[in-house]
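I have placed the structure first, in the form of structure tokens, so that the comments after it can refer back to it.
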Amino acid sequence: MFTGKINVTEFVIFVIYLAFMLGIGIYFFVKSKENGEKDYFLGGRKMGPWVSALSAGASDMSAWVLMGLPASIYVAGISKSWIAIGLAIGYTLSWIFMAPRLRKFTITANDSITIPQYLTNRFLSKSSAIRVICAVIFLIAYTVYAASSMKACGTLFNTVIGLDPTVAMYLAAAIILIYTFLGGFNAVCWTDFFQGMLMLAALLAAPIVAVFVIKGGNAADTSSYTLPDGYWNLFSSWKDILSGLGWGIGYFGMPHIIVRFMSLESDKSLKKSAKIGISWNVLIVIFSVAAGCVGHLLLGNLDDSSTVFIQMSRFLFPAIISGIILTAILAASMSTADSQLLASSSAFASDFYKPIIRKNKASDKEMLWAGRIVVAAISIIAVIIASNPNSGTIMGLVENAWGLFGAAFGAVLMLSLFWKRFNFAGALAGIISGAAVDAAWLLILNQDKLGIVEGNTVLSTLSGIYEIIPGAIVSLVVAIIVTLCTKAPSKEVEDIFDKAVALTDDATQK
């Protein structure tokens, strides 16, 4: 079970942290007087600005921001920082343009609690097509996404306390399952809040201290290696620039992030939450890039680049401090995994199980248990994927899931919020085409092992461009064309649009 020497101090800190997370889940389980869908899956739309902002950020910035992105910077140089730039821009724009409208539109559209439910209610459709397709995409993408978090937990525990990676993955999955089962959305948001604070503190501390250590001449012996050519060239590749900026598209279609927009208690809270969330996000991505660069200068060559932040923290600080800092990686993994599991379970229970399998006859209690079963199933599958040595890197798994969500839902959701003429047929076509193009681009052009691009100049040029970009473009174009070629929405549907746009903050509180 244990493959290396255990650092007792770091181990004790990890145990205390995990116990604290479980305590939050138990607290909300005991406190909760409402066990219905809206309370479990959306917190009753009573989230305050600080909790919503940091929860949205923490559910987004999983362990890839502490392990995956620094590893990419460590290996390839600052040309990969375009990912951070794209994320900062996309996150800011989503809070400014999407959040205010989505909150009001979901309330107006029969108080929808999930994205598939909102899209169905927004067009007053009796068809379950969007719900079924969304549920399938959610289950696939979230399983892959959760696998990245599980893989990070395995690497972390193996590096820090010598625990077998697979055992660590199952342990982390069990802890996440318990507090998600017990407390639902409230527990997830509050654990994310504390984890978001911890992540920011860790990312601020390590690179800043490392700079002073390097200036003081106390870095590891780096005389035996040189940095790769072009390491400090920000504009080394147009594909890196385009693909990096493309990451920002994902924020407009990421269900576990934008559901925080829906949960806010008021427009006043939303404005405050936006300022907090944007500031947090910008600081996180800046110092994530810094961790990769400074880590290379501090440590030199590493056998496993994904451990650069771990090794840097242990090099710089005594065990009691490094244990707290490294707990941020565990926090990042868990904060994203719990949000993904809850979002996928809500999609399955509310958008597939209740309307299709149970024909709207399921009780609230039955719905909650249906969602919990899905949470357990996804967790197990995610661990199986993560424990497979051929499953890819932490960053690679996140990239695949992020691209699928952004391509499938980003354009459709924005059109539903800003285009009155938009209809159900256009939304359905946009989701399907975006997901299909994203998957096809990934499998055909971005999987070099298939050998398809060899000898083909056109395909070789397109290969390496992040699949979210063509997926989102096709989704937007197809959604507009299909909408214009089909029947305009009814007056009742247009009234929903007008009512949502005119909805006041006082009205949302009634």
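Hydrogens, waters and symmetry mates are skipped; everything else that's a heavy atom, side chains included, is used.
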- Item | Geometric class of the Y466/W247 ring pair [parallel <30°, tilted 30-60°, perpendicular >60°] |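 If you compare the ring of W247 with that of Y466, the planes turn out tilted.
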Check: [Y] main-chain N/O paired with [X] side-chain donor or acceptor under 3.5 Å:
| X | Y | answer |
| --- | --- | --- |
| K151 | A386 | yes |
| T483 | A479 | yes |
| R101 | L417 | yes |
| S475 | G434 | no |
| W402 | I468 | no |
| S148 | V144 | no |
| S288 | I284 | no |

In Å and rounded to the nearest 0.5 Å, what is the [atom1] to [atom2] distance from [X] to [Y]?
| X | Y | atom1 | atom2 | result |
| --- | --- | --- | --- | --- |
| M254 | L404 | CE | CG | 9.0 Å |
| S305 | M395 | OG | CE | 11.5 Å |
| T108 | F105 | OG1 | CZ | 7.5 Å |
| S112 | Q117 | OG | CD | 5.0 Å |
| L66 | L203 | CG | CG | 4.5 Å |
| S433 | L476 | OG | CG | 9.5 Å |

- Message: Go through it in stages, so that I can follow the logic: the residues are M98 and F252, the test is side-chain contact (heavy atoms from CB on, under 4.5 Å), and I'd like the CA-CA distance, side-chain angles, deciding distance and then a yes or no.
- Response: CA-CA 7 Å; M98 178 180 240; F252 298 94; 4.3 Å; yes
Flag the pair [X] / [Y] as yes when at least one side-chain heavy-atom distance between them is below 4.5 Å, and no otherwise.
| X | Y | answer |
| --- | --- | --- |
| D240 | F235 | no |
| I115 | C134 | no |
| K80 | V75 | no |

- Message: Show, in sequence, the C-alpha distance, side-chain angles and deciding distance for T106 and D111, and conclude whether the side-chain hydrogen bond (donor to acceptor under 3.5 Å, both in side chains) test is met.
- Response: CA-CA 6 Å; T106 54; D111 204 16; over 6 Å; no
- Message: Under 6.0 Å between ring centres: does that hold for F405 and F138?
- Response: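 Yes, ring centres under 6.0 Å apart.
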- So, do Y91 and W280 have ring centers that fall under 6.0 Å from each other?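 So the answer is no for these two rings.
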- Message: Please find the pair of heavy atoms, one from N233 and one from S79, that lie closest to each other, and give the distance.
- Response: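 Of all heavy-atom pairs spanning N233 and S79, the closest is O-CB, 3.7 Å.
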- Item | Taking every non-hydrogen atom, the tightest pair across G253 and L413 |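 Nearest heavy atoms, G253 then L413: CA-CD1, 4.3 Å.
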- Decide ring-ring contact (aromatic ring centres under 6.0 Å, His included) for F123 and F422; before the verdict, give the C-alpha distance in whole Å, the side-chain angles of both, and the deciding distance to 0.1 Å. CA-CA 9 Å; F123 303 108; F422 195 41; 5.7 Å; yes
- Message: Are more than 12 heavy atoms, taken from residues, nucleotides or ligands other than F418, located less than 6.0 Å from that residue's CZ atom?
- Response: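 Counting other residues, nucleotides and ligands, CZ of F418 exceeds 12 neighbours.
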